[in-house]
J.: 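Once you've had a glance at the structure underneath, I'll fire off some questions.
The figures here come from the full heavy-atom set of this structure, side chains too, leaving out hydrogens, waters and symmetry mates.
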Amino acid sequence: MVNMFEIGDFVMKANNGICRIDDIGHPDISTANKERLYFFLTPLNETNTKLYVPTDKADNSLRRVITEEEAWRFIEEIPDIDEAWITDEKQREQRYKEAIQSCDLEKLMSIIKNMHHRKQKRTAEGKKSTSVDERFYKVAENNLFTELAFAIGRKKEDMQEIIAEKMDLK
């Protein structure tokens with residue numbers, strides 16, 4: 001099997017964000033299958049953490065970080081991304097989880113738009129945001145902004161302004 005990633009590549013992992021592939025081999029841990037090859041990952045935001053992903057399962061759990069060109073194209077397309085409109089509370093949380101696990105930027109933006117509008121509506125009604133919305137909003141925004149900032153060589157904080165401008169266009 002030919003590996004789709006190489007040592008030194010930067011990849012997205014749903015619960016860990018951007019990671020660098022440090023090595024490919026057999027980890028020296030008891031729970032690792034000695035018959036399988038693993039990617040050795042270091043999350044950029046947790047440099048003391050080491051992750052091991054079987055190379056044969058990487059298609060489902062890792063994807064290459066987008067390029068600068070892809071990031072700018074995505075940013076330009078933000079006004080055209082439909083808001084995820086989910087009225088059922090249980091279904092909403094499940095869709096939020098699925099979007100975050102997918103590492104799909106369009107799905108993340110779609111739920112961010114949904115949560116932003118839900119928050120505005122609830123505030124206008126004198127209500128607070130739900131804890132589910134707040135929790136997933138932070139995760140989705142962090143994942144999206146971190147990857148875009150990394151791709152275009154900006155600070156994550158700069159992305160909030162850039163994205164807010166694009167969201168207001170529609």
Side-chain angles (χ1 to χ4, degrees), residues 4-5 9-21 39 41-47 49 51 53 57-170:
M4 55 192 278
F5 304 117
D9 284 349
F10 289 96
V11 294
M12 284 299 297
K13 185 165 181 340
N15 296 322
N16 305 94
I18 299 172
C19 299
R20 185 183 66 244
I21 297 177
F39 290 113
L41 308 175
T42 301
L44 292 189
N45 62 348
E46 301 173 44
T47 55
T49 301
L51 305 171
V53 176
K57 298 287 185 197
D59 287 353
N60 300 330
S61 59
L62 302 176
R63 74 161 169 76
R64 193 173 308 279
V65 171
I66 61 172
T67 65
E68 181 177 5
E69 183 181 314
E70 291 167 330
W72 283 116
R73 187 172 36 243
F74 174 81
I75 290 167
E76 289 305 314
E77 292 170 358
I78 286 173
D80 300 324
I81 295 173
D82 291 329
E83 176 181 334
W85 193 249
I86 314 142
T87 53
D88 181 272
E89 292 293 327
K90 289 181 179 168
Q91 192 181 49
R92 182 179 304 113
E93 184 172 2
Q94 185 57 37
R95 292 272 301 276
Y96 290 170
K97 286 178 183 175
E98 289 168 3
I100 288 167
Q101 288 300 311
S102 76
C103 292
D104 182 300
L105 297 180
E106 192 168 316
K107 287 180 183 176
L108 291 174
M109 190 69 237
S110 182
I111 65 168
I112 287 170
K113 283 183 170 185
N114 173 258
M115 289 184 255
H116 177 75
H117 288 117
R118 275 182 47 83
K119 185 176 185 174
Q120 285 181 323
K121 183 180 177 198
R122 291 182 68 86
T123 301
E125 295 170 350
K127 299 177 183 176
K128 291 183 175 183
S129 289
T130 67
S131 61
V132 168
D133 280 358
E134 286 295 322
R135 187 175 76 236
F136 284 104
Y137 186 83
K138 287 178 184 168
V139 172
E141 189 177 66
N142 182 60
N143 290 0
L144 178 71
F145 291 5
T146 299
E147 183 170 6
L148 291 173
F150 181 84
I152 65 174
R154 295 270 187 92
K155 292 180 187 165
K156 186 172 82 171
E157 296 76 26
D158 296 341
M159 297 316 303
Q160 185 134 21
E161 191 175 316
I162 293 169
I163 301 297
E165 282 179 27
K166 292 296 176 185
M167 282 179 60
D168 289 340
L169 291 176
K170 193 165 187 177

J.: Specify whether Phe136 and Tyr96 have parallel, tilted or perpendicular ring planes, treating 30° as the upper limit for parallel and 60° as the lower limit for perpendicular.
T.: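 Because their plane-to-plane angle lies in the 30° to 60° range, the rings of Phe136 and Tyr96 count as tilted.
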J.: Applying side-chain contact (heavy atoms from CB on, under 4.5 Å) to Glu147 and Ile66, what does each step give before you reach the verdict?
T.: CA-CA 7 Å; Glu147 183 170 6; Ile66 61 172; 3.6 Å; yes
J.: Once you round to the nearest 0.5 Å, how far does OG1 of Thr146 lie from CG of Leu44?
T.: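 Nearest 0.5 Å value for the OG1-CG distance: 9.5 Å.
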J.: For a quick test of reading the model, state the closest non-hydrogen atom pair linking Pro79 to Lys113 and the distance between them.
T.: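 Here Pro79 and Lys113 meet closest at O-NZ, 3.7 Å.
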J.: Show, in sequence, the C-alpha distance, side-chain angles and deciding distance for Phe39 and Asp9, and conclude whether the side-chain contact (heavy atoms from CB on, under 4.5 Å) test is met.
T.: CA-CA 11 Å; Phe39 290 113; Asp9 284 349; over 6 Å; no
J.: With a 4.5 Å cut-off on side-chain heavy atoms, are Ile112 and Ile163 touching?
T.: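 They are not in contact (no side-chain heavy atoms under 4.5 Å apart), so the answer is no.
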J.: Can we say Arg135 and Glu93 salt-bridge, meaning some charged N sits less than 4.0 Å from an Asp/Glu carboxylate O?
T.: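 So Arg135 pairs with Glu93 through a salt bridge.
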J.: Mark yes or no for whether Ser102, through its side chain, and Ala99, through its backbone, hold a donor-acceptor pair below 3.5 Å.
T.: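 Present.
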J.: Taking atom CH2 of Trp72 and atom CG of Leu148, what is their separation to the nearest 0.5 Å?
T.: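 Rounded to the nearest 0.5 Å, the CH2-CG separation comes to 9.0 Å.
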J.: Verify, without hydrogens or angle tests, whether Glu68 (side chain) and Gly153 (backbone) share a donor-acceptor contact under 3.5 angstrom.
T.: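 Here the side-chain-to-backbone pair does not exist.
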J.: Look only at the side chain of Ser110 and the backbone of Glu106, and say whether a donor-acceptor pair between them is shorter than 3.5 Å.
T.: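 Flag not set: sc Ser110 to bb Glu106 has no pair under 3.5 Å.
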J.: Under the 3.5 angstrom rule, does the side chain of Thr42 hit a backbone N or O of Thr47 as a donor-acceptor pair?
T.: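 Not a single qualifying donor-acceptor pair exists.
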J.: Would you give the length of the straight line joining atom OG of Ser129 to atom CD of Gln120, rounded to the nearest 0.5 angstrom?
T.: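 Result: 10.0 Å between the selected atoms.
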J.: Considering residues, nucleotides and ligands other than Lys13, do more than 12 of their heavy atoms fall under 6.0 Å from its NZ?
T.: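 Enclosed.
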J.: Closest heavy-atom contact between Val53 and Ala58?
T.: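 Here Val53 and Ala58 meet closest at CG1-CA, 4.3 Å.
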J.: Let me confirm one number: the SG-CZ distance from Cys103 to Arg64, rounded to the nearest 0.5 Å.
T.: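 That separation rounds to 14.0 Å.
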J.: Among Arg118, Arg122, His116, whose side chain to side chain donor-acceptor pair (under 3.5 Å) with Asp133 holds?
T.: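 Among the candidates, only Arg118 passes.
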J.: Please confirm whether the backbone N or O of Ala149 pairs with a side-chain atom of Arg154, one donor and one acceptor, at under 3.5 Å?
T.: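 No: the side chain of Arg154 does not pair with the backbone of Ala149.
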J.: What verdict does the salt bridge (charged side-chain N to carboxylate O under 4.0 Å, His left out) test give for Lys127 and Glu125, after you've listed the backbone C-alpha separation in whole Å, the side-chain angles of each residue and the deciding distance to 0.1 Å?
T.: CA-CA 6 Å; Lys127 299 177 183 176; Glu125 295 170 350; 3.6 Å; yes
J.: I need the minimum non-hydrogen distance between Val65 and Phe150, along with the two atoms involved.
T.: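 Heavy-atom minimum between the residues: CG1-CD2, 3.6 Å.
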J.: Can you tell me how far apart CG (Asn15) and CD1 (Ile100) are? Round to the nearest 0.5 Å.
T.: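 Output value for this atom pair is 8.5 Å.
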J.: So do the side chains of Asp104 and Arg63 get within less than 4.5 Å of each other, counting heavy atoms only?
T.: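 No - every pair of side-chain heavy atoms lies 4.5 Å or more apart.
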J.: Can you spot which of Gln94, Arg95, Gln101 makes a side chain to side chain donor-acceptor pair (under 3.5 Å) with Glu98?
T.: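 Result: among Gln94, Arg95, Gln101, Gln94 is the only option passing the side chain to side chain donor-acceptor pair (under 3.5 Å) with Glu98.
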J.: Less than 4.5 Å apart, side chain to side chain, heavy atoms only: is that true for Met4 and Leu62?
T.: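 Answer no - side chains too far apart.
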J.: Mind listing the closest non-hydrogen atom pair of Asn143 and Ala14 along with its distance?
T.: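 That closest heavy-atom pairing would be ND2-O, 3.7 Å.
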J.: Heavy atoms, side chains only, cut-off 4.5 Å: are Ile78 and Met109 in contact?
T.: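 They are in contact (side-chain heavy atoms under 4.5 Å apart), so the answer is yes.
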J.: Please test Met159 against Leu144 for side-chain contact (heavy atoms from CB on, under 4.5 Å), starting from the C-alpha separation and ending with a verdict.
T.: CA-CA 9 Å; Met159 297 316 303; Leu144 178 71; over 6 Å; no
J.: Take Arg92 and Asn114 through the test side-chain contact (heavy atoms from CB on, under 4.5 Å) and record every step on the way to the result.
T.: CA-CA 10 Å; Arg92 182 179 304 113; Asn114 173 258; 4.3 Å; yes
J.: Kindly indicate whether the side chain of Gln160, heavy atoms from C-beta on, has any atom under 4.5 Å from the side chain of Glu141.
T.: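 In contact.
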J.: Would you mind checking if Glu76 and Lys166 are paired as a salt bridge, meaning a charged N to carboxylate O distance below 4.0 Å?
T.: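 Salt bridge: yes.
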J.: Roughly how far apart are Glu69 CD and Ile152 CD1, rounded to 0.5 Å?
T.: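 Those atoms lie 13.5 Å apart.
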